[in-house]
Amino acid sequence: MDKFRMLFQHFQSSSESVMNGICLLLAVVTVKLYSSFDFNCPCLARYNALYGLGLLLAPPLALFLCGLLANRQSVVMVEEWRRPAGHRRKDPGIIRYMCSSVLQRALAAPLVWILLALLDGKCFVCAFSNSVDPEKFLDFANMTPSQVQFFLAKVPCKEDELVRNSPARKAVSRYLRCLSQAIGWSVTLLLIIAAFLARCLRPCFDQTGFLQRRYWSNYVDLEQKLFDETCCEHARDFAHRCVLHFFASMQSELQGRGLHRDNAGRSPEPPAVPEPPEVLDSGSGKAHLRAISSREQVDRLLSTWYSRKPPLDLAASPGLCGGGLSHRAPTFALGTRLSQHTDV
C-alpha cells in the first residue's frame, strides 16, 4: 500500500506523468476498440468510399478530440493565450511549447488507429475498390464498364455469391491490401525516423531556450492548480467567517429583545457584545480575511488576478500581495530577506 500511495502521489503531483498515462491508456483503448470492431462494407458503388474513409478518419478525429479534452494543458494553453497581459508579459515560446506538447500527446491514439486500419487493409479495400484501374487485370476484358464497376463494388464482400470464387476479386483485394500495408509500414517507418532524429539531434542544439520554456510551461500549470486550491480554501474560510458573524449577530439580537431566557423563566441576561470578526479569525489563523468583508472585495480580487497578474518578481511587493487570496506564505515586512530556496 505504501508503494501504491507513493505512485499515486507521483502521478497526482506530476501533470506530465498524468498526461503520458492518459495518452497510453487511450492508445490501449484504441487497439481494443479496433480489434473488437465488426467491419462490414456496404459493397455499393456510391457508399464504399464514404464508409471506408469514414472509418479510417472519423474515429481518429474523435480520439484526437478526446485527447485534447483529457489533457489539462490544452485549457491552460488557451487561457494563457487569451489572458490580458497585465503586469506579466506573454511569451509566445511558452505557448508554442505547450501547443506542441498537447498535440504530441493527442495525436498518439489517432495515429495508432490509422496505422492499425492501414495494416489490416479492410478500410482501404472498401474505400478504394471502385478506384482500381481495370486494365491492370486481365479478367475484366470481357465485361462492360457498368459490369466492371458493379463487380469492383462487390470486391470487399467475399461472401457475396457473385464474387465468392472469382480469381479477379482475390487479385484486386490482394493488390489493395498490399498497397494499404505498404502505406502503413511507410508511415510507421517515417514516424520512427522522425522520433529518432528528434531524440538524437536535440542535444546538438542550445538547450537553454528549451529548458526555459519547459520550466515556465510547468509553472503556468502549477500556478493555476495552486490558485484553484487556494480559492477553494479561501471560499471555505470566508464562508466560515460569514456563518460565525451570522450567529454572533443573531445572538446579540435575541439578547437585545429579551428573548434569551433560561428554563426557569428568569429574567433575560444582559446583552453581550459579539466579538469582532478579527478576533474570531485570529484564533484560527485566518488573518488573511481581515481586509475582506464583502462580496465586492472578493470579486475585485479575482478580477485583478485575471486582468493584471502579478509580475514574476519575488523581490517586488505589490499592494495586492498583503490582502490577496494566498494565505499559505507568511507576509514579510519590508527589508526582510527572502530565503534563497523559494517554492514556486
Side-chain angles (χ1 to χ4, degrees), residues 6-28 30 60 63-112 114-115 187-229 305-306 308-316 326 329 338-344:
M6 291 176 60
L7 183 63
F8 178 74
Q9 290 176 355
H10 170 71
F11 278 103
Q12 191 177 18
S13 60
S14 178
S15 177
E16 191 171 351
S17 300
V18 172
M19 292 303 106
N20 291 334
I22 293 176
C23 174
L24 180 62
L25 181 62
L26 284 176
V28 173
T30 301
L63 291 171
F64 177 73
L65 295 178
C66 290
L68 292 180
L69 291 175
N71 197 333
R72 185 180 179 274
Q73 280 195 343
S74 59
V75 180
V76 177
M77 176 192 65
V78 176
E79 290 179 354
E80 180 67 15
W81 176 48
R82 293 292 301 170
R83 72 169 176 84
H87 297 300
R88 185 189 304 177
R89 66 180 183 89
K90 293 190 288 186
D91 189 358
I94 299 175
I95 300 176
R96 287 195 299 268
Y97 178 85
M98 297 177 69
C99 181
S100 63
S101 177
V102 168
L103 290 179
Q104 286 175 13
R105 293 184 174 93
L107 286 174
L111 286 176
V112 170
I114 292 175
L115 291 178
V187 173
T188 304
L189 182 60
L190 288 176
L191 291 175
I192 294 175
I193 292 176
F196 174 78
L197 292 177
R199 189 62 179 263
C200 294
L201 296 179
R202 178 180 292 178
C204 300
F205 298 95
D206 186 16
Q207 296 295 302
T208 305
F210 172 76
L211 291 176
Q212 290 174 352
R213 294 186 183 96
R214 183 176 182 180
Y215 175 86
W216 290 116
S217 64
N218 291 332
Y219 172 84
V220 172
D221 191 9
L222 291 174
E223 184 188 50
Q224 187 63 36
K225 285 183 180 179
L226 291 175
F227 183 78
D228 294 339
E229 294 175 3
W305 172 263
Y306 175 74
R308 295 180 296 167
K309 283 195 174 183
L312 298 176
D313 187 4
L314 297 182
S326 178
L338 297 177
S339 173
Q340 293 180 355
H341 303 284
T342 307
D343 254 13
V344 291

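The analysis underlying the following values was restricted to heavy atoms, covering all of them including side chains, and did not include hydrogens, waters or symmetry mates.
- Taking each heavy atom of Thr30 and Leu26 in turn, the nearest pair found is OG1-O, 2.6 Å.
- Atom CG of Asn71 sits about 11.0 Å away from atom CD of Gln104, to the nearest 0.5 Å.
- Contact between Ala27 and Ala109 at its shortest, heavy atoms only, is N-CB, 4.3 Å.
- When side chains are defined from C-beta on, Arg308 does not count as touching Pro84, because their heavy atoms never get closer than 4.5 Å.
- Considering every non-hydrogen atom in both Cys204 and Cys200, the closest pair reads SG-O, 4.0 Å.
- Atom CG of residue Leu107 and atom CG of residue Leu63 lie 11.0 Å apart, to the nearest 0.5 angstrom.
- Taking the six-membered ring where tryptophan is involved, the planes of Tyr215 and Tyr219 are essentially parallel, since the angle between them stays under 30° and well short of 60°.
- Legend: salt bridge (Lys or Arg N to Asp or Glu O under 4.0 Å) pairs involving residues 87-97, not counting sequence neighbours, sorted by first then second residue: Arg88-Glu223.
- Taking Val78 as the reference, Arg82 meet the side-chain contact (heavy atoms from CB on, under 4.5 Å) condition, with sequence neighbours excluded.
- Remark: Ser217 engages Ile94, Tyr97, Met98 in a side-chain contact (heavy atoms from CB on, under 4.5 Å) (not counting sequence neighbours).
- Nearest heavy-atom pair across Gly93 and Arg213 is O-CD, 3.3 Å.
- Residues passing the side-chain contact (heavy atoms from CB on, under 4.5 Å) test with Val220, sequence neighbours excluded: Val76, Glu80.
- Tyr306 meets the ring pair (Phe, Tyr, Trp, His ring centres under 6.0 Å) test with no other residue; sequence neighbours excluded.
- Trp81 places none of its side-chain heavy atoms less than 4.5 Å from the side chain of Cys99.
- The two atoms that bring Pro60 and Pro110 nearest to each other are O-CG, 3.3 Å, heavy atoms only.
- Annotation: side chain of Leu103 is in contact with side chain of Phe64 (closest heavy-atom distance under 4.5 Å).
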* Would Leu191 and Phe196 count as a side chain to side chain contact (heavy atoms under 4.5 Å, CB included) if you check the C-alpha gap in whole Å, the side-chain angles of each, and the deciding distance to 0.1 Å? -> CA-CA 8 Å; Leu191 291 175; Phe196 174 78; over 6 Å; no

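- Residues His87 and Pro311 have side chains in contact (heavy-atom distance under 4.5 Å, counting atoms from C-beta outward).
- Residue pairs that meet the salt bridge (Lys or Arg N to Asp or Glu O under 4.0 Å) test with at least one member in residues 196-212, sequence neighbours left out, do not exist here.
- Every residue meeting the side-chain contact (heavy atoms from CB on, under 4.5 Å) condition with Leu197, not counting sequence neighbours, appears here in chain and number order: Ile193, Leu201.
- Panel note: side chain Asn218, backbone Arg214; a donor-acceptor pair is recorded below 3.5 Å.
- Looking at residues two or more places apart in sequence or on another chain, you find no side-chain hydrogen bond (donor to acceptor under 3.5 Å, both in side chains) involving Ser74.
- Residues passing the side-chain hydrogen bond (donor to acceptor under 3.5 Å, both in side chains) test with Glu79, sequence neighbours excluded: none.
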